[in-house]
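Owing to the predicted nature of the structure, the values given are computational and were not obtained by experimental measurement.
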Amino acid sequence: MILEHIGDSHEWHLATLGEGEHATHVSVPLPIIAYQPTKGLSMFSGGQLAHGHSHNGLKLEEDKLVAEDGSKVYDFSITKNTASLLFSAVLMLLVFTAVARGYKKNRGRAPSGLQSFFEPVIIFIRDEIAKKNIGPKYERYMPYLLTAFFFIWFNNLLGLMPGAANLSGNIAVTLVLAVMTLVITLASSNKYYWAHIFATPGVPKPLLPIMIVVEFLGIFTKPFSLMIRLFANITAGHIVVLSFISLVFIFKSWAVAPVTLAFGLFINILELLVAILQAFIFTLLTAMYIGGAVEEHHDADMQIGYNEDETAPHAAH
């Protein structure tokens, strides 16, 4: 039940009423879009594959779309996570279009409405994250930092709602976010960034080959950590909450309900803090990685080490 809840699906399951053979599943069918090299493109409602049924030679096995004859199937369906992503994208467009209208309407005046709620958050990201970690070139990266922060925050909160999708706990989504951070970092990098990797200053020459390998791997381990951190924290929170609730059904006793519900509620409230905390950490680390790529060279000023004709290190100017 827990793995089904946190995983993706070809239907949006809302509730199950009743038990056993008399149970009624309340769900929203989602579009199935599949391509088979032998049959071409197929598009139909996911409801036709419910309860083990097949349609047009296709069926679901453990929520994976397969062909009855075993042939190859390319699945482009609108799954639960995809639908949730589209919903959050539309929600963000509506919210921040309203915020932008507020800025135009209240120019020179105190903010109001949605603008008054989001403005402190936007200013915090600009002043405390972008400016401090990227420097003078921060403005060009603000759209991505703001988009990443609010996309993660919104979807973390939506994932805590009953019947919602676990979009932030999908490793494919966190992978794409991490890859975008990697691409932006590498595209923004200057020659000093690469010089630090392939000719790390202050490192003895015998250790330089080792440091080159370590620094080069660091290019990829940093976004990898972003991907795993967001995926693991959000998924773990859902699993813990559902585990506490499941104890009622495992012990089949109302006696454990007060304890399990109390702990489940506590973890669920804690997840509200984790939702914004994970968005903040992802945005902060992204800004730090970008800042390291665009930072100008300082080692020439500080002159690490000694000159042959001097007995003291160079002073930093």
*Check the pair L285, R229 against side chain to side chain contact (heavy atoms under 4.5 Å, CB included), reporting the backbone distance first and the verdict last.*
CA-CA 11 Å; L285 292 177; R229 182 184 293 105; 3.2 Å; yes
*Passes side chain to side chain contact (heavy atoms under 4.5 Å, CB included), L186 versus I219? Steps please.*
CA-CA 9 Å; L186 295 181; I219 297 175; 3.8 Å; yes
_Derivation and outcome, side chain to side chain contact (heavy atoms under 4.5 Å, CB included), residues H196 and E215_ = CA-CA 8 Å; H196 182 84; E215 292 288 344; 4.1 Å; yes
_F96 and L114: CA distance, side-chain angles, deciding distance, side chain to side chain contact (heavy atoms under 4.5 Å, CB included) verdict_ = CA-CA 9 Å; F96 290 105; L114 284 174; over 6 Å; no
Distance-only criterion, 3.5 Å: show the donor-acceptor pairs between side-chain atoms of residues 255-270 and protein atoms not counting sequence neighbours.
| unit_1 | atom_1 | unit_2 | atom_2 | d |
| --- | --- | --- | --- | --- |
| T260 | OG1 | V256 | O | 3.0 |
| T260 | OG1 | A257 | O | 3.1 |

Using distance only, find each side-chain donor-acceptor pair of residues 141-154 under 3.5 Å and give its atom names and separation, not counting sequence neighbours.
| unit_1 | atom_1 | unit_2 | atom_2 | d |
| --- | --- | --- | --- | --- |
| Y141 | OH | S188 | OG | 2.8 |
| Y144 | OH | L177 | O | 3.3 |
| Y144 | OH | T181 | N | 3.4 |
| Y144 | OH | T181 | OG1 | 2.8 |
| T147 | OG1 | P143 | O | 2.6 |

Enumerate donor-acceptor pairs with a distance under 3.5 Å from any side-chain N or O in residues 163-174 to protein atoms, sequence neighbours excluded.
| unit_1 | atom_1 | unit_2 | atom_2 | d |
| --- | --- | --- | --- | --- |
| N166 | OD1 | G169 | N | 3.4 |
| N166 | OD1 | H238 | NE2 | 3.4 |
| N166 | ND2 | I6 | O | 3.2 |
| S168 | OG | N156 | OD1 | 2.6 |
| N170 | OD1 | A172 | N | 2.9 |
| T174 | OG1 | I171 | O | 3.0 |
| T174 | OG1 | M227 | O | 3.4 |

Under 3.5 Å donor-acceptor pairs involving side-chain atoms of residues 125-140, not counting sequence neighbours:
| unit_1 | atom_1 | unit_2 | atom_2 | d |
| --- | --- | --- | --- | --- |
| E128 | OE1 | K132 | NZ | 2.7 |
| N133 | ND2 | I129 | O | 2.8 |

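Among pairs with a residue in residues 75-86, those fulfilling side-chain hydrogen bond (donor to acceptor under 3.5 Å, both in side chains) read D8-T79, H10-D75, D75-S77, T79-T82, at least two apart in sequence or across chains. For residues 197-216, every residue pair satisfying the ring-ring contact (aromatic ring centres under 6.0 Å, His included) rule, not counting sequence neighbours, is listed here: F216-F220. Here ring-ring contact (aromatic ring centres under 6.0 Å, His included) pairs that include residues 69-91, with residues two or more places apart or in two chains, number zero.
Of all non-hydrogen atoms in P29 and G47, the two that sit nearest each other are CB-N, 3.4 Å. Nearest heavy atom pair, residue A293 against residue Y193, reads CA-CD1, 3.6 Å. Closest non-hydrogen pair, L242 versus S246, comes out as O-OG, 2.7 Å.
One hydrophobic cluster, built from ILVMFWY side chains closer than 4.5 Å, cannot hold both I245 and I2; they sit in different ones. F224 and I184 sit in two unconnected hydrophobic clusters of ILVMFWY residues. Membership requires side-chain heavy atoms under 4.5 Å apart, directly or through other members. Following chains of ILVMFWY side-chain contacts shorter than 4.5 Å, one can reach F282 starting from I122, so the two form part of one hydrophobic cluster. Transitive grouping of hydrophobic side chains (ILVMFWY, heavy atoms separated by less than 4.5 Å) brings L272 and I276 into a common cluster. Hydrophobic clustering of Ile, Leu, Val, Met, Phe, Trp and Tyr side chains at less than 4.5 Å, counting indirect connections, unites L91 with F117.
Scored by the side chain to side chain contact (heavy atoms under 4.5 Å, CB included) test, V214 finds I210 as partners (sequence neighbours excluded). Every residue meeting the side chain to side chain donor-acceptor pair (under 3.5 Å) condition with Q115, not counting sequence neighbours, appears here in chain and number order: N106, E119. Considering only residues two or more places apart in sequence or on other chains, S54 meets the side chain to side chain contact (heavy atoms under 4.5 Å, CB included) condition with K59, E68.
Side-chain contact between P31 and M43: absent, with no pair of heavy atoms (C-beta onward) separated by less than 4.5 Å. Under the 4.5 Å side-chain criterion, counting only non-hydrogen atoms from C-beta, Y35 is not in contact with S42.
Of the possible polar contacts, one joining the S225 side chain to the K222 backbone as a donor-acceptor pair under 3.5 Å is found.
By the 4.5 Å side-chain criterion applied to Ile, Leu, Val, Met, Phe, Trp and Tyr, I32 is assigned to a cluster that also includes F44, L49, L58, L60, L65, V73. I123 belongs to no hydrophobic cluster with other residues, because no ILVMFWY side-chain heavy atom falls under 4.5 Å from its own, directly or through intermediates.
Once rounded to the nearest 0.5 Å, the distance linking CD of E271 with CG of N233 reads 8.0 Å. How far CG of N190 is from CD of E295: 8.5 Å, rounded to the nearest 0.5 Å. Here the straight-line distance linking atom CD of Q278 with atom CG of L273 works out to 9.5 Å at 0.5 Å rounding.
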